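Bear in mind the structure is a predicted one, so any value in this text is a computation, not a measurement.
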Amino acid sequence: MPTVRQIAEQAGVSISTVSLVLNNKPGVSDEMRRVVIDARDALQQQEMRRTTSEMARVDVGRTDTSFPMSIVVLHPPVLESSHVFREVLRGIQTAAQAYNLQLRLVSNAPNATEHHVSHLYFTDPSLRPDGVIVFGAQRHEPLLNMLFEQGIPGVVLGRKPDNYDISGIGRDEERHAYEATRYLTKLGHRAIAFIGGEQVYDYWHTRMGGYTQALHDASINISSDWIQPGDCEVATRRVLKSVPEVTALIYVNDACAAEGLPVLAAAGKRIPEDASVISFDDTHIAQSYDPPITSISYRRFEEGEWAIKMLIDQIQYPYLKRVQAIFDADFIVRKSCAPPPARD
């Protein structure tokens with residue numbers, strides 16, 4: 001991990017500026033924050049390349065080393081955000097190049113037949129990969145059981161696979177959602193909606209858990225009408241129509257916000273004067289909206305890198321039965337939140 005001084009020298013800024021950015025403190029512009037983060041990422045990549053250049057030459061226990069190791073990356077058939085997937089995949093590719101790995105991207109279709117390639121990789125010995133990364137796994141994922149049964153090293157990316165005996169890179173989603181909701185309650189909001197998301201995914205439940213706990217701690221009674229999963233455009237319309245007392249909305253991710261925000265605008269709801277908004281992912285959608293949206297920023301590139309590193313460790317050291325890594329996130333405060341409008 002690069003030091004604060006190294007990052008400051010790389011970015012051409014002061015040590016105090018780097019400290020403010022890394023600790024998510026106010027007083028630094030979004031542009032300067034990005035300069036510091038880019039400098040940190042560049043140094044981390046250099047450090048990883050130095051480390052993995054040696055690892056790439058290590059025999060990881062394969063009997064046939066004439067071909068590079070093959071890693072399958074399973075991803076959902078439908079991606080809500082290409083930006084999120086692109087950042088994760090960029091991290092995976094960067095680490096894979098350092099380890100001289102062969103990547104295979106495969107759609108993880110939930111209702112796929114036994115002849116679908118996602119199944120053939122685990123049932124046909126000639127196609128069997130050396131390891132598997134599962135991105136966007138659902139709460140109940142049959143392929144994870146198949147990995148375990150076949151003895152194929154695997155890493156679940158983006159969630160904690162508590163129900164499966166497999167390694168994973170997760171996030172402290174519940175705490176992040178708690179902090180976001182708590183931020184709104186401290187501004188004075190007493191009616192906060194939670195919009196969008198599919199309940200088959202673990203992140204919906206963990207973010208919902210943080211949201212409900214924060215409201216409970218603020219002694220706010222939650223109306224079931226405030227919680228609107230599913231299609232984000234429809235959910236936003238439903239909230240505006242059935243629960244006009246809502247003064248703040250938390251969108252389950254930026255892709256969802258992109259569908260819901262035009263509904264607010266069409267209804268004459270100004271942000272943040274009439275409605276405060278927070279989302280998750282901190283993609284270009286949140287950053288470029290007018291006004292920019294307060295968002296939870298995840299380290300997607302690093303998550304992709306670490307997925308490869310954890311997988312290589314499992315292949316090299318078979319006695320590593322299961323490894324869990326929990327990534328922190330940054331709460332980026334922007335101009336989309338304000339105290340609720342005064343009631344007549």
*Asks:* Look up atom CG in Leu103 and atom CD1 in Ile71, then write down how far apart they are to the nearest 0.5 Å.
*Replies:*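 One gets 7.5 Å once the value is rounded to the nearest 0.5 Å.
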*Asks:* Under the salt bridge (Lys or Arg N to Asp or Glu O under 4.0 Å) rule, collect the residues that match up with Asp225, sequence neighbours excluded.
*Replies:*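 Asp225 satisfies salt bridge (Lys or Arg N to Asp or Glu O under 4.0 Å) with no residue once adjacent residues are dropped.
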*Asks:* Going through the distances and angles, do Thr212 and Ile222 end up as a side chain to side chain contact (heavy atoms under 4.5 Å, CB included)?
*Replies:* CA-CA 8 Å; Thr212 54; Ile222 303 173; 3.8 Å; yes
*Asks:* State plainly whether one hydrophobic cluster holds both Ile332 and Val21, where clusters connect Ile, Leu, Val, Met, Phe, Trp and Tyr through side-chain heavy atoms under 4.5 angstrom apart.
*Replies:* no
*Asks:* How would you list, by chain and number, every residue that makes a ring-ring contact (aromatic ring centres under 6.0 Å, His included) with Tyr178, sequence neighbours excluded?
*Replies:*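 Listed in chain order: nothing, the list is empty.
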*Asks:* Would Glu233 and Arg237 pass as an ion pair if we require N to O under 4.0 Å?
*Replies:* yes
*Asks:* Does anything in residues 274-304 pair up under ring pair (Phe, Tyr, Trp, His ring centres under 6.0 Å), and if so which pairs, sequence neighbours excluded?
*Replies:* His83-His284, His176-Tyr298
*Asks:* Decide yes or no on side chain to side chain contact (heavy atoms under 4.5 Å, CB included) for Ile271 and Ser276, but give the supporting numbers first.
*Replies:* CA-CA 6 Å; Ile271 300 172; Ser276 291; over 6 Å; no
*Asks:* Any chance you could measure Leu43, atom CG, to Gln6, atom CD, to the nearest 0.5 Å?
*Replies:*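 It is 6.5 Å, given to the nearest 0.5 Å.
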*Asks:* State whether the side chain of Thr185 and the backbone N or O of Arg182 hold a donor-acceptor pair below 3.5 Å, judged by distance alone.
*Replies:*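 Yes, because the side chain of Thr185 sits within donor-acceptor range (under 3.5 Å) of the backbone of Arg182.
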*Asks:* After noting the C-alpha distance and the side-chain angles of Glu245 and Arg190, does the key distance pass the side chain to side chain contact (heavy atoms under 4.5 Å, CB included) rule?
*Replies:* CA-CA 9 Å; Glu245 73 273 14; Arg190 307 294 295 176; over 6 Å; no
*Asks:* If you define the side chain from C-beta out and look only at heavy atoms, does anything of Leu74 sit under 4.5 Å from Phe135?
*Replies:*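 A side-chain contact under 4.5 Å is absent here.
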*Asks:* Does the side chain of Gln324 pick up a donor-acceptor pair with the side chain of Ser167 at under 3.5 Å?
*Replies:*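 Ser167 and Gln324 do not have a side-chain donor-acceptor pair below 3.5 Å.
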*Asks:* Hey, is Asp30 close enough to Arg34 for a salt bridge, meaning N to O under 4.0 Å?
*Replies:* no
*Asks:* Quick one: does Ser19's side chain have a donor or acceptor within less than 3.5 Å of a partner on Ile15's backbone?
*Replies:*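 Checked: no pair found.
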*Asks:* Could you state the interatomic distance from CZ (Arg299) to CZ (Phe327), rounded to the nearest 0.5 Å?
*Replies:* 8.5 Å
*Asks:* How about Tyr99 and Met69: do any of their side-chain heavy atoms sit closer than 4.5 Å?
*Replies:*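 Of all side-chain heavy-atom pairs linking Met69 with Tyr99, none is under 4.5 Å.
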*Asks:* When rounded to the nearest 0.5 angstrom, what distance separates CD in Gln102 from CG in Asp130?
*Replies:*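 Answer for the CD-CG pair, Gln102 versus Asp130, is 9.5 Å.
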*Asks:* Any side-chain donor-acceptor pair under 3.5 Å between Ser14 and Thr17?
*Replies:*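 Looking only at side-chain atoms, Thr17 and Ser14 do form a donor-acceptor pair, the distance falling under 3.5 Å.
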*Asks:* Using the test salt bridge (Lys or Arg N to Asp or Glu O under 4.0 Å), find all partners of Arg300 that sit at least two apart in sequence or belong to another chain.
*Replies:* none
*Asks:* Compare all side-chain heavy atoms of Arg33 with those of Leu20 and state whether any distance is below 4.5 angstrom.
*Replies:* no
*Asks:* Other residues, nucleotides and ligands only: do more than 12 of their heavy atoms fall within 6.0 Å of CH2 on Trp306?
*Replies:*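 Counting neighbours around CH2 of Trp306, 12 or fewer heavy atoms of other residues, nucleotides or ligands fall under 6.0 Å, so no.
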*Asks:* Could I get the full list of salt bridge (Lys or Arg N to Asp or Glu O under 4.0 Å) partners for Asp328, not counting sequence neighbours?
*Replies:* Arg175
*Asks:* Does the side chain of Arg5 come within less than 4.5 Å of Gln10's, by heavy atoms?
*Replies:*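 Result no, sub-4.5 Å side-chain heavy-atom pair not found.
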*Asks:* Write out all pairs satisfying salt bridge (charged side-chain N to carboxylate O under 4.0 Å, His left out) with one or both partners inside residues 204-220, taking only residues at least two apart or from two chains.
*Replies:* Glu173-Arg207
*Asks:* Evaluate Ile250 against Val277 for side chain to side chain contact (heavy atoms under 4.5 Å, CB included), listing each step before the verdict.
*Replies:* CA-CA 6 Å; Ile250 297 178; Val277 173; over 6 Å; no
*Asks:* Can you tell me which residue pairs pass the salt bridge (charged side-chain N to carboxylate O under 4.0 Å, His left out) test with a partner in residues 89-104, sequence neighbours excluded?
*Replies:* Glu87-Arg90
*Asks:* Please check: side-chain N/O of Thr247 versus main-chain N/O of His189, any donor-acceptor pairing under 3.5 Å?
*Replies:* no
*Asks:* Can you tell me how far CE of Met32 sits from CD1 of Ile37, rounded to the nearest 0.5 angstrom?
*Replies:* 12.5 Å
*Asks:* Write out all pairs satisfying disulfide bond (SG atoms under 2.5 Å apart) with one or both partners inside residues 257-338, taking only residues at least two apart or from two chains.
*Replies:*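 Pairs touching residues 257-338 that pass the test: none.
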*Asks:* Just verifying a value: how many Å separate Leu311 CG and Leu101 CG, rounded to the nearest 0.5 Å?
*Replies:*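 The CG atom of Leu311 sits 8.0 Å away from the CG atom of Leu101.
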*Asks:* Checking side-chain contact (heavy atoms from CB on, under 4.5 Å) against Val18, which of Ile7, Val35, Thr3, Val28 comes through?
*Replies:*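 In the set Ile7, Val35, Thr3, Val28, the residue that makes a side-chain contact (heavy atoms from CB on, under 4.5 Å) with Val18 is Ile7.
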*Asks:* Side-chain heavy atoms under 4.5 angstrom apart, residues restricted to Ile, Leu, Val, Met, Phe, Trp, Tyr: same cluster for Phe331 and Ile293?
*Replies:* yes
*Asks:* Have Asp282 and Ser297 got a donor and an acceptor in their side chains that come within less than 3.5 Å?
*Replies:*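 Asp282 vs Ser297: donor-acceptor pair found between side chains.
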*Asks:* Out of the candidates Leu264, Val263, Val246, only one should pair with Val239 under the side-chain contact (heavy atoms from CB on, under 4.5 Å) rule; please name it.
*Replies:* Val246
*Asks:* Taking salt bridge (Lys or Arg N to Asp or Glu O under 4.0 Å) as the definition, give me every residue that meets it alongside Asp254, ordered by chain and number, with sequence neighbours left out.
*Replies:* none
*Asks:* Is any side-chain heavy atom of Ile166 less than 4.5 Å from a side-chain heavy atom of Arg322?
*Replies:*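 Ile166 vs Arg322: side chains apart.
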*Asks:* State, with a plain yes or no, whether a side-chain heavy atom of Thr206 is found less than 4.5 Å away from one of Arg171.
*Replies:*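 Counting from C-beta outward, Thr206 and Arg171 never come under 4.5 Å.
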*Asks:* Considering all heavy atoms of both residues, which atom of Val323 and which atom of Met310 are nearest to each other, and what is their separation?
*Replies:*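 Val323 and Met310 have their closest heavy atoms at O-CE, 3.5 Å.
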*Asks:* Do the side chains of Leu157 and Ile92 get nearer than 4.5 Å, heavy atoms only?
*Replies:*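 Yes; the side chains approach each other to less than 4.5 Å.
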*Asks:* Could you give all pairs that pass the disulfide bond (SG atoms under 2.5 Å apart) test and reach residues 173-239, with sequence neighbours left out?
*Replies:*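 Non-adjacent pairs meeting disulfide bond (SG atoms under 2.5 Å apart): Cys232-Cys256.
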*Asks:* Would you please name every residue forming a side-chain hydrogen bond (donor to acceptor under 3.5 Å, both in side chains) with Glu273, sequence neighbours left out?
*Replies:* none
*Asks:* Is Leu261 reachable from Val234 through a run of I, L, V, M, F, W or Y residues, each pair having side-chain heavy atoms under 4.5 Å apart?
*Replies:*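 No.
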*Asks:* Determine whether Arg334 and Ser295 make a side-chain contact, defined as any pair of heavy atoms from C-beta on separated by less than 4.5 Å.
*Replies:*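 Arg334 reaches Ser295 side chain to side chain.
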*Asks:* Taking only residues at least two apart or on different chains, which pairs with a member in residues 207-254 satisfy ring pair (Phe, Tyr, Trp, His ring centres under 6.0 Å)?
*Replies:* Phe194-Tyr211
